[in-house]
There are 2 protein chains.
Amino acid sequence: MDDTAGRGGENLLFLTDEQLRKGIEAMFFAYRGFTADPDRILAQMAYGRAHHRAIHFVNRAPGTTVNNLLATLGVTKQSLNRVLRTLIEDGLIESRVGTRDKRERHLFLTDEGRELEQKLSDAQRARMRAAFRKAGPEAVSGFRTVLEAMMDPELLRHFHNDRSTM
Amino acid sequence: MDDTAGRGGENLLFLTDEQLRKGIEAMFFAYRGFTADPDRILAQMAYGRAHHRAIHFVNRAPGTTVNNLLATLGVTKQSLNRVLRTLIEDGLIESRVGTRDKRERHLFLTDEGRELEQKLSDAQRARMRAAFRKAGPEAVSGFRTVLEAMMDPELLRHFHNDRSTM
DNA sequence: CTTGGAAAGTCAACAAGGCTGACATATAAT
DNA sequence: ATTATATGTCAGCCTTGTTGACTTTCCAAG
């Protein structure tokens, strides 16, 4: 409705402060919804959002190293280590010493870990699926385009390459 | 590119688990970018993201009550109070006793508060503007449609009505 | 073969910002 | 008068982030 500019050359109607504020608040409220379902599940166990993130990215790139995970998640190794330790102790993640470089630890989900991953991502995907279906393919395409343009250039690398970072 | 389904009735190509995973990670990485700039500014003062949120919504709905802010932010009053107290002490927010109902406190930004708000939202808007410009009006429309579909119904209320919640 | 440095783990201390529970106060509503 | 509401506050807890210091392991370059 707003996407036909009055003047010819530059279409600026979607770049007004009001439109930008709308976008900012949309991100804020949507992110709340985005994390709400997994958070509810995690709250019942001794885990939090940080555990979910670790599990997600280990599942996505099995055999990834701690350093890779660090860069992807953007936290300190001490912070990640605390989370990782409990997940390993609880038997959700397996840490294998590297064969080529034995300093490295390669991370894998155990059967139990995969089970929790499924449970969490099923909940998250259900909401994403509902939103995608409601919005339609065109909107989904735009959604991804804008989000990608909002990322930091380095994070963008993780967004694309992650399967090769193992 | 992916938005033409093979079969006629239901277009499901953008609802595959892989597409949903992409959407999930896009949210994760984009939110990092979204908060990065204000976070850098806040880190230099004694403030955090919670202060930013309070300032943002007080600026957006001047005179809003504590209870309204509570519902919008989705935190406990103890948590909000800690943040609000420092902002009032530091002279960024003014708390006026209600005229009709003297139990209520109406919140306003002071000149100094408006100054910080500008600084923070300028940084955040700059990134949002760059992303919007890069992605184009069509994408922006889709972006907002999907985000709105991702919100919880109640949060949706806050997204729309907030100017009337004062 | 020694040594420098990278990768990983660990310990300690701290801070932000969530949470619950309990309680106080002022005011409104019944 | 009593009850309900809005707010503030104290105390204590948890998760998850931080920094800094230190150790162990081990690859690789000299």
Side-chain angles (χ1 to χ4, degrees), chain A residues 28 31-32 35-36 38-56 58 63-90 93-107 165-166, chain B residues 28 31-32 35-36 38-56 58 63-90 93-107 165-166:
Chain A
F28 172 68
Y31 199 78
R32 287 253 294 281
T35 57
D39 279 358
R40 258 189 294 274
I41 297 173
L42 290 157
Q44 295 172 327
M45 345 191 165
Y47 297 138
R49 218 176 274 181
H51 301 84
H52 182 192
R53 291 198 280 258
I55 288 175
H56 173 96
V58 168
T64 190
T65 64
V66 173
N67 247 7
N68 273 326
L69 202 51
L70 235 47
T72 304
L73 295 175
V75 296
T76 59
K77 66 174 177 176
Q78 293 92 332
S79 198
L80 175 59
N81 192 258
R82 178 172 37 200
V83 165
L84 230 38
R85 198 191 320 154
T86 70
L87 290 172
I88 292 170
E89 280 171 1
D90 295 354
I93 283 185
E94 191 193 350
S95 167
R96 294 185 208 153
V97 173
T99 48
R100 285 192 339 200
D101 188 335
K102 292 175 189 167
R103 289 168 302 180
E104 296 182 339
R105 304 299 143 94
H106 297 275
L107 304 171
T165 58
M166 56 172 281
Chain B
F28 172 67
Y31 198 78
R32 287 253 293 281
T35 56
D39 279 358
R40 258 189 294 275
I41 297 173
L42 290 158
Q44 295 171 328
M45 346 190 163
Y47 297 138
R49 217 177 276 180
H51 301 84
H52 183 191
R53 292 199 280 259
I55 287 175
H56 172 98
V58 168
T64 189
T65 65
V66 173
N67 248 5
N68 274 326
L69 202 51
L70 236 45
T72 303
L73 295 175
V75 296
T76 58
K77 67 171 178 175
Q78 293 92 331
S79 202
L80 175 59
N81 190 257
R82 178 171 35 198
V83 165
L84 228 39
R85 198 190 322 160
T86 70
L87 289 173
I88 292 169
E89 281 171 2
D90 295 355
I93 284 185
E94 189 192 352
S95 167
R96 294 185 208 153
V97 173
T99 47
R100 284 191 340 197
D101 188 333
K102 291 177 190 166
R103 291 171 302 178
E104 296 181 338
R105 303 299 142 92
H106 297 276
L107 304 171
T165 58
M166 55 175 281

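Protein chains get the first letters and strands the later ones, always in sequence-line order, with residue 1 at the start of each.
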Looking at every non-hydrogen atom in both residues, tell me the closest pair between B:R105 and B:K102 and how far apart they are.
NH2-O, 4.2 Å

Test of understanding: with side-chain hydrogen bond (donor to acceptor under 3.5 Å, both in side chains), list the residues that count as partners of B:H56, not counting sequence neighbours.
A:E25

Protein-nucleic acid N or O pairs under 3.5 Å, nucleotides 3-7 of chain D:
from	atom 1	to	atom 2	distance (Å)
D:dT5	O2	B:R103	NH1	2.7
D:dT7	OP1	B:V66	N	3.4
D:dT7	OP2	B:N67	N	2.8
D:dT7	OP2	B:N67	OD1	3.1
D:dT7	OP2	B:N67	ND2	3.3
D:dT7	O4	B:K77	NZ	3.0

Tabulate protein N/O versus nucleotide N/O from nucleotides 11-15 of chain C, keeping only pairs under 3.5 Å, one per line.
none

Any residue in residues 40-48 of chain B with a heavy atom nearer than 4.0 angstrom to DNA chain C? Just list them by number, or reply none.
B:G48

Just wondering, do A:H106 and A:T64 contact through their side chains at under 4.5 Å, heavy atoms?
no

Atom pairs and distances, donor-acceptor, side-chain atoms in residues 39-49 of chain A, under 3.5 Å, two or more places apart:
from	atom 1	to	atom 2	distance (Å)
A:D39	OD1	A:R49	NE	3.3
A:D39	OD2	A:R49	NE	3.2
A:D39	OD2	A:R49	NH2	2.6
A:R40	NH2	A:D37	OD1	2.7
A:Y47	OH	A:D90	OD2	2.3
A:R49	NH2	A:T35	OG1	3.3

Just to verify, what does B:N67 make a side-chain contact (heavy atoms from CB on, under 4.5 Å) with, not counting sequence neighbours?
B:T65, B:L70

Position toward the 5' end of DNA chain D (nearest nucleotide), A:K102 or A:H51
A:H51

Separation of atom CG in A:L87 from atom P in D:dT15, rounded to whole Å
13 Å

How close or far is atom P of C:dA7 from atom CG of A:L80, stated in whole angstroms?
15 Å

Proximity to the side chain of B:T76 - top-ranked nucleotide from C:dG18, C:dT20, D:dG8
C:dT20

Note, B:L84 side chain near B:L107 side chain (heavy atom, < 4.5 Å):
yes

I would like to know whether A:K77 and A:V66 meet side chain to side chain contact (heavy atoms under 4.5 Å, CB included); could you show each step before the answer?
CA-CA 8 Å; A:K77 66 174 177 176; A:V66 173; 5.5 Å; no

Nucleotide of D:dC26, D:dT18, C:dG18 approaching B:R53 most closely (side-chain heavy atoms)
C:dG18

Heavy-atom closest contact (B:L73 atom, A:R32 atom, distance)
O-NH1, 3.2 Å

Starting at atom CG of B:L73, determine the distance to atom P of C:dG18, rounded to an integer number of angstrom.
8 Å

For A:H52 and D:dT16, what is the distance between atoms NE2 and P respectively, to the nearest whole Å?
12 Å

Euclidean distance, B:R82 CZ relative to B:H51 NE2, rounded to 0.5 Å:
9.0 Å

